[in-house]
Asks: 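My questions all concern the structure below.
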Amino acid sequence: MSLDNSSAREVLEPILERYSRNPHYLMQILRETQEHLDFIPQWAVDYLAEALALARTQVQSVIDFYAFFYSSPRGKYRVLFSDNVTDRMQGNTALLSRMLSKFGLTQGQVSGDGLVSIDTTSCTGMCDQGPALLVNNYPVTRLSSQRIDQICELIKKQTPLKEWPTELFLVEDNIRCKDVLLSTEMVNGQALKRAVELGPEGMLAEMKTSNFRGRGGAGFTTAVKWEACKNAPGETRYVVCNADEGEPGTFKDRVLLSSFPERVFEGMTIAGYTIGAAKGLVYLRAEYRYMLEQLQAILEARRKANLLGKDILGQKGFDFDIEIHMGAGAYICGEETALLESLEGKPGRPRIRPPFPVTYGYLGKPTVVNNVETLAKATLIAQNGGAWYRGLGTKLSTGTKLLSISGDCTRPGIYEYPFGVRIAKILEDCGAHDAVAVQVGGAAGTCIARHEFGRKIAFEDVSTSGSLMVFGNNRDMFEVARNFAHFFKHESCGFCTPCRVGTTLMCNILDKIAEGKGTIYEMNELSHLYQLLSTVSHCGLGQSAGRPVNDTLQKFRPSYDRRLKQKDFEPAFDLDAALAPAREIMERDDIDAHLGADL
C-alpha cells in the first residue's frame with residue numbers, strides 16, 4: 001500500500017498534531033497509526049521520521065523491538081492465543097490447532113484473502129479465566145472448542161467486533177478474598193484531602209512511619225524513594241505508574257485498574273503532591289488496551305471534580321495531571337528503566353545504573369516509579385495514618401499483599417492477605433488440594449515444593465510481586481521449567497550477551513534433554529549457565545532467567561533424570577545428516593563421503 005503526500009498527510013497529520021509532533025510520543029504515534037491503518041507501512045515510517053526529525057532507522061528500530069507493532073499486514077482479524085504455562089495447562093495448544101485447521105493456516109501465517117492471522121503471545125493477564133486469546137487487542141476468555149468454533153464463524157462472516165456476543169469479551173475480577181484495600185470503600189478525593197491537610201512533609205512522615213515497601217517485588221521502601229526524588233536537584237519531577245504487569249501468572253493490576261482505578265489515580269496524585277511533581281504517567285501494557293477509553297474517561301471526570309489539573313482542591317499551585325501511555329508488547333518494559341526508555345519513545349532496553357530514576361528518570365528528570373498496587377495502597381496510609389498501616393502484616397513486611405492465583409486450583413483469582421500468611425493457608429483457600437509445587441512471583445520468581453508450604457509470604461521469607469501458579473501432582477516440572485526458559489529466551493531484549501546467548505543455550509539444552517539426548521554433561525551445563533546468568537546479566541530479566549531451571553533441578557531432579565537416556569555426551573546436531581544435500585549434489589554416498597569414516 002502506498003499513498004501520495006496529500007493522502008499520507010491526511011492520515012498522519014491529525015495524529016502528529018495530537019501529540020504536538022513530540023518525538024518522545026513516538027510509541028503512541030505509532031500505535032494510533034497502526035490502529036488507523038492496521039499495520040505501519042513503509043511510507044508511514046518515512047513520513048513520521050521526517051515529521052519528527054528522527055532518523056528513519058530510529059523509527060524502524062522501535063517498530064522492530066515491540067511484538068505488537070507490525071510492518072506488514074496481519075489480517076483484518078489478528079488472533080493471538082495466550083501461551084502462558086497456565087493456558088497450556090488448560091488446553092490452549094489443542095484449541096490453537098483447532099482454529100488453525102479451520103482456516104487452513106500455519107501459526108503466524110496470514111490468510112491469502114487477508115482476512116485473518118493466528119499466532120501466540122505471552123501472558124495476557126487472564127490466567128484466572130483461561131485459556132484466553134486477544135482478537136484485535138480485545139480479550140476473549142474461557143476458551144473451549146465450542147467457543148473457538150463460534151469465533152471462527154464470526155470471522156468467516158466478517159462480523160465487526162462490536163457486533164460479536166458480549167459474553168465473549170467478559171473479563172471477571174474473580175476477587176476471592178478481601179482485606180483492607182479491596183474491602184474499604186473510598187470516597188473520591190478523601191485520601192487526597194487528608195494528604196493536603198498533612199502537607200508534603202507530613203505525608204512523607206506518615207509514609208516513613210508505615211514502613212511501606214513497594215509491591216513490585218523488589219520491596220524497596222516507598223518513603224525512601226519518594227524522599228530521594230523530592231530532594232533531588234531541579235524543579236521538574238514526574239510520577240510514573242508501572243502498569244506493565246507482564247510477569248506470567250500476574251493479573252492483580254488488571255483488577256485494580258478495571259474496578260479500583262480511582263484509588264490508583266488518587267495514589268499517583270498523592271505521590272505527586274508529596275514530591276512536588278506536576279505530571280504523572282501511566283504505562284499501560286499493550287494487552288490491556290481494551291481498558292484505555294474507560295481509564296481516560298475516569299481521568300476526565302477527576303479533572304472536572306478538581307481532583308486533577310490546576311489548583312487541585314483549591315490549593316494554589318497544587319497542579320498535577322495524568323496521561324496514559326500504551327506499551328506495545330515487551331516483557332522487559334516491566335523493568336523500571338526499560339519502561340522509562342519506552343515512555344521516551346525508544347526501544348525498551350534497561351539503562352545502566354546509577355544514576356537511578358529518582359535523580360535521573362523520565363526525560364532526565366527526577367522520577368518516582370511505583371507499581372499499581374503500591375500507588376493504590378498509598379491512599380490507605382493517607383486516610384488512616386502510617387501507624388495504623390504498620391500494625392498490619394509483619395514487622396519487616398507491613399500491610400497486605402494482593403496475590404494472583406492460577407493453575408491447578410478450583411478457585412483461581414485475586415486474594416488479599418496480610419503479610420505473613422503461610423502458603424499452605426493460601427492453597428487451602430483456593431482449593432489446591434493436590435499441589436506439588438507453587439511458582440511464586442511468576443517465571444522470574446521462586447519454585448516452592450510441597451515440603452516448603454509452611455513458609456510465609458513476606459519480604460523476609462518468600463518475596464513476590466504477586467503471582468502464585470499452582471501445579472498439581474499430574475504436572476511435569478521439567479516441562480514447566482522448559483516453558484519458562486523459552487519465555488525468557490523470547491523476551492530477552494538482546495542488550496547484553498549473557499542474557500541474549502545464555503537464555504538461548506539454556507533452551508537448547510532443555511530441548512535436547514526433552515528429545516532424549518541429554519546426559520550428565522548437559523545437567524552440569526544448566527547449573528553453569530544459571531551461575532553466569534544470575535551474576536553477569538545486565539538487568540533482572542537475565543539475572544532471574546535461569547532460576548526456574550535451577551529451582552526445579554534442585555527440588556524435582558527425577559523429572560530431569562528420567563529423560564537422560566545416554567551416559568556419554570551426544571551432539572544435538574547431526575552434522576553428517578546435514579551434509580546429505582551436498583553429497584546428493586556431488587552424487588556421492590560412499591563411505592569416504594561421510595563423517596566418521598575410517599581414513
Side-chain angles (χ1 to χ4, degrees), residues 31 34-35 38 67-68 70 74-105 107-111 115-175 245-246 248-255 257-259 284-295 326-329 404 406-407 412-414:
R31 174 183 61 82
Q34 181 167 281
E35 289 182 358
D38 292 330
F68 283 20
Y70 308 117
R74 301 302 301 160
K76 182 178 179 180
Y77 296 90
R78 298 175 299 283
V79 179
L80 294 173
F81 277 77
S82 180
D83 201 28
N84 180 24
V85 67
T86 57
D87 290 282
R88 291 203 172 192
M89 290 161 60
Q90 295 163 333
N92 78 322
T93 303
L95 297 173
L96 170 63
S97 297
R98 185 182 186 92
M99 180 174 280
L100 287 170
S101 66
K102 284 187 171 293
F103 286 101
L105 298 174
Q107 186 175 322
Q109 180 185 4
V110 182
S111 61
L115 179 64
V116 63
S117 64
I118 305 167
D119 209 338
T120 60
T121 188
S122 299
C123 183
T124 57
M126 304 291 164
C127 307
D128 57 329
Q129 47 205 299
L133 59 76
L134 299 175
V135 54
N136 293 1
N137 299 318
Y138 285 88
V140 179
T141 60
R142 305 189 188 281
L143 296 174
S144 62
S145 297
Q146 293 75 21
R147 188 157 279 195
I148 289 294
D149 293 346
Q150 182 183 14
I151 293 170
C152 290
E153 286 303 309
L154 290 166
I155 291 174
K156 288 177 180 178
K157 293 178 181 177
Q158 301 192 41
T159 307
L161 256 64
K162 63 182 180 181
E163 297 178 15
W164 286 27
T166 55
E167 63 266 18
L168 289 177
F169 302 112
L170 176 64
V171 176
E172 297 177 302
D173 282 350
N174 290 328
I175 297 174
E245 60 170 356
T250 307
F251 47 89
K252 62 186 178 64
D253 291 357
R254 184 202 81 212
V255 173
L257 289 168
S258 63
S259 296
L284 184 65
R285 71 186 303 227
E287 290 82 353
Y288 295 164
R289 168 65 182 84
Y290 71 99
M291 296 185 186
L292 180 59
E293 283 75 18
Q294 175 194 354
L295 293 175
M326 293 297 309
S404 310
S406 62
I414 295 295

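No experiment lies behind these values; they were computed from the predicted model shown.
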Asks: Using side-chain contact (heavy atoms from CB on, under 4.5 Å) as the criterion, list what pairs up with Gln146, not counting sequence neighbours.
Replies: Ser144
Asks: Closer than 4.0 angstrom, basic N to acidic O: yes or no for Lys157 and Glu163?
Replies: no
Asks: Identify, with sequence neighbours excluded, every residue that meets salt bridge (Lys or Arg N to Asp or Glu O under 4.0 Å) alongside Glu153.
Replies: none
Asks: With sequence neighbours left out, what residues match Asp38 under side-chain contact (heavy atoms from CB on, under 4.5 Å)?
Replies: Arg78
Asks: Short question: side chain of Arg74, backbone of Gly108 - any donor-acceptor pair under 3.5 Å?
Replies: yes
Asks: Going by heavy atoms in the side chains, are Asn137 and Arg31 under 4.5 Å from each other?
Replies: no
Asks: Only counting residues at least two apart or in another chain, list the ones meeting side-chain hydrogen bond (donor to acceptor under 3.5 Å, both in side chains) with Ser117.
Replies: none
Asks: Enumerate the ring-ring contact (aromatic ring centres under 6.0 Å, His included) contacts for residues 153-172, please, sequence neighbours excluded, ordered by first and then second residue.
Replies: Trp164-Phe169
Asks: Checking Ser111 now: which residues fulfil side-chain contact (heavy atoms from CB on, under 4.5 Å) with it, not counting sequence neighbours?
Replies: Leu105, Asp113, Leu115, Val116
Asks: According to side-chain hydrogen bond (donor to acceptor under 3.5 Å, both in side chains), who are the partners of Thr121, at least two apart in sequence or on a separate chain?
Replies: none
Asks: Asp173: what forms a side-chain contact (heavy atoms from CB on, under 4.5 Å) with it, not counting sequence neighbours?
Replies: Ile175, Val255, Ser258, Ser259
Asks: List for me each residue that meets side-chain hydrogen bond (donor to acceptor under 3.5 Å, both in side chains) alongside Thr86, sequence neighbours excluded, and say none if there are none.
Replies: Asn84
Asks: Which pairs pass side chain to side chain donor-acceptor pair (under 3.5 Å) with one or both residues in residues 89-99, sequence neighbours excluded?
Replies: Asp83-Asn92, Arg98-Asp149
Asks: Do side-chain atoms of Asp87 reach the backbone of Ala132 as a donor and acceptor pair under 3.5 angstrom?
Replies: yes
Asks: Going by the rule side-chain hydrogen bond (donor to acceptor under 3.5 Å, both in side chains), which residues pair with Glu293 if we only count those two or more places apart in sequence or in a different chain?
Replies: Arg289
Asks: If the condition is salt bridge (Lys or Arg N to Asp or Glu O under 4.0 Å), which residues does Asp253 pass it with, not counting sequence neighbours?
Replies: none
Asks: Please answer whether the main-chain N or O of Gln129 pairs with a side-chain N or O of Glu172 as donor and acceptor at a distance below 3.5 Å.
Replies: no
Asks: Do Met126 and Glu287 come within less than 4.5 Å of each other through their side chains, counting heavy atoms only?
Replies: no
Asks: Is there side-chain contact between Ile148 and Phe81, with at least one heavy-atom pair below 4.5 Å?
Replies: yes
Asks: Any donor and acceptor pair, going by atom type alone, linking the side chain of Glu245 with main-chain N or O of Gly125 inside 3.5 Å?
Replies: no
Asks: Do Lys162 and Tyr138 meet the cation-pi criteria used here (NZ or CZ under 6.0 Å from the six-membered ring centre, within 45° of the axis)?
Replies: no
